[in-house]
Amino acid sequence: MTESKAMILGCSGLALTSEEKAFFRGERPWGFILFGRNISEASQITNLVDELRDSVGWHAPVLIDQEGGRVQRIRPPVLPRYPSGQALGDLYRRDTALGLRAAWVMSRLHAFDLSKLGINVDCLPVLDVPVEGSSNVIGDRAYSGDPDTVIAMGRAAAEGLKAGGLLPVMKHMPGHGRGFADSHLELPVVTVSRDELEVHDFPPFISMKDELMAMTCHVVFTAIDPDNPATTSRKVIDGVIREHIGFTGLLLSDDSSMNALSGTIGERAANIIAGGCDIVLHCNGHMDEMRDVVANVPRLAGASLARAKAVEAGFAAPDSADEAELRAEFEAMFAIV
């Protein structure tokens, strides 16, 4: 990761263009993220992942949002369709032990799936705790509207990924569950008291504060910082995420191209770093936007570099689980729901 910059970038298609290869080689993002536009068949994904890593000259992290339900970037026929977080949560409410086992097994299956393709980071678990009437941008991606259920299921999901040699990314810190707008389109503003946030929204992240990576939310919490969304807010990142929650790991922004953030892409990137995030995430693969990002993002250094190195050292060899047995077990769980 020699002199990597504090950013994770996407690419435009199924293979890298010559322009992208040169750009990544020169600008050296710390990692990459894949989306549906980058997915065709298994061999193509593996080749693309290899190209991405070759462009920076080391085994850089490659991320994907492979949650299950509506947010599953690799779908049939390449990979099986998996249930949503809510479906897992419904199972937990009927049978606690079975629900926890299902969350672990599904993540372990994600690890089997993704590791074969070279992908080593899954942006999971979703630790947001939705409230009635909130935007469906989270919706059935959440395990439950009950913080204790989210804690239990989130822990099980993260452990399943790690058992398979992948690393999880908790999202969306310190909580997107109260957003009444879709942050892909506009800026959600949450007006409840800090006391209420501390009881309902923050506990899942506190319970998992020792994980190595987390992603912010583009949400304004007026009780903490009425002027800036969490992603660009020193008050939220220092006062809540680092101090109250106690998270010491690598903090990624949510996608900097989402319309909840204001300003040019370059201004957004600068504000994300100034706000205290370690890594700027830019997902859409548009070269003109990526050039604006790199012009406003520093090389990893200091505490951010130390956190990135901790992530790199945190990948472990997978356990000896039998994939066929786990698939049969998981299918049986949902056959009886």
Side-chain angles (χ1 to χ4, degrees), residues 33-34 36 39 42 45 62-130 138-146 148-172 204 207-208 211-215 315-337:
I33 188 164
L34 301 183
I39 305 303
I45 300 167
V62 177
L63 291 69
I64 198 165
D65 296 290
Q66 191 78 351
E67 297 174 10
R70 359 186 219 115
V71 180
Q72 180 175 327
R73 308 302 184 200
I74 310 178
R75 301 186 174 196
V78 182
L79 290 178
R81 184 174 296 278
Y82 290 97
S84 66
Q86 180 178 294
L88 293 171
D90 290 343
L91 183 57
Y92 176 88
R93 282 184 287 279
R94 286 190 286 272
D95 184 323
T96 299
L98 193 61
L100 291 174
R101 178 66 178 169
W104 186 93
V105 170
M106 191 170 98
S107 282
R108 185 64 185 87
L109 293 174
H110 284 325
F112 276 117
D113 293 340
L114 299 176
S115 61
K116 293 173 188 175
L117 303 172
I119 299 166
N120 58 356
V121 178
D122 193 359
C123 297
L124 185 74
V126 176
L127 297 183
D128 305 306
V129 188
I138 300 301
D140 65 0
R141 298 167 65 190
Y143 298 113
S144 174
D146 167 55
D148 290 336
T149 299
V150 174
I151 289 169
M153 295 292 279
R155 284 176 174 167
E159 291 304 317
L161 289 175
K162 290 185 288 186
L166 268 68
L167 286 180
V169 177
M170 302 179 289
K171 57 190 187 186
H172 304 82
S207 76
M208 296 182 64
E211 297 297 335
L212 292 173
M213 284 183 282
M215 181 184 294
F315 292 101
D319 63 16
S320 58
D322 184 280
E323 180 179 0
E325 289 181 1
L326 288 181
R327 289 202 184 279
E329 179 185 356
F330 191 71
E331 290 168 5
M333 289 176 186
F334 282 86
I336 64 173
V337 172

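Remark: Asp90 engages Arg93 in a salt bridge (charged side-chain N to carboxylate O under 4.0 Å, His left out) (not counting sequence neighbours). Arg70 is linked by a salt bridge (charged side-chain N to carboxylate O under 4.0 Å, His left out) to Asp140, counting only residues two or more places apart in sequence or in another chain. The salt bridge (charged side-chain N to carboxylate O under 4.0 Å, His left out) search around Arg155 returns none, not counting sequence neighbours. Residues meeting the salt bridge (charged side-chain N to carboxylate O under 4.0 Å, His left out) test with Asp148, sequence neighbours left out: none. Contacts of Asp95 classified as side-chain hydrogen bond (donor to acceptor under 3.5 Å, both in side chains), with partners at least two apart in sequence or in another chain: none.
Counting only heavy atoms from C-beta outward, the side chains of Met106 and Leu109 never approach each other to under 4.5 Å. Side-chain contact between Pro83 and Phe334: present, with at least one pair of heavy atoms (C-beta onward) separated by less than 4.5 Å. Taking 4.5 Å as the limit, some side-chain heavy atom of Lys162 sits within range of a side-chain heavy atom of Pro168. Leu127 has its side chain out of reach of Lys171: every pair of non-hydrogen atoms, C-beta onward, lies at least 4.5 Å apart. Using a 4.5 Å cut-off on side-chain heavy atoms (C-beta onward), Ile119 and Ile74 make contact. Counting only heavy atoms from C-beta outward, the side chains of Asp65 and Ile33 approach each other to under 4.5 Å.
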Using distance only, find each side-chain donor-acceptor pair of residues 111-118 under 3.5 Å and give its atom names and separation, not counting sequence neighbours.
residue	atom	partner	partner atom	Å
Asp113	OD1	Arg327	NH2	2.4
Asp113	OD2	Tyr82	OH	2.6
Ser115	OG	Ala111	O	2.7
Ser115	OG	Phe112	O	3.4
Lys116	NZ	Glu323	OE1	2.8
Lys116	NZ	Glu323	OE2	3.0

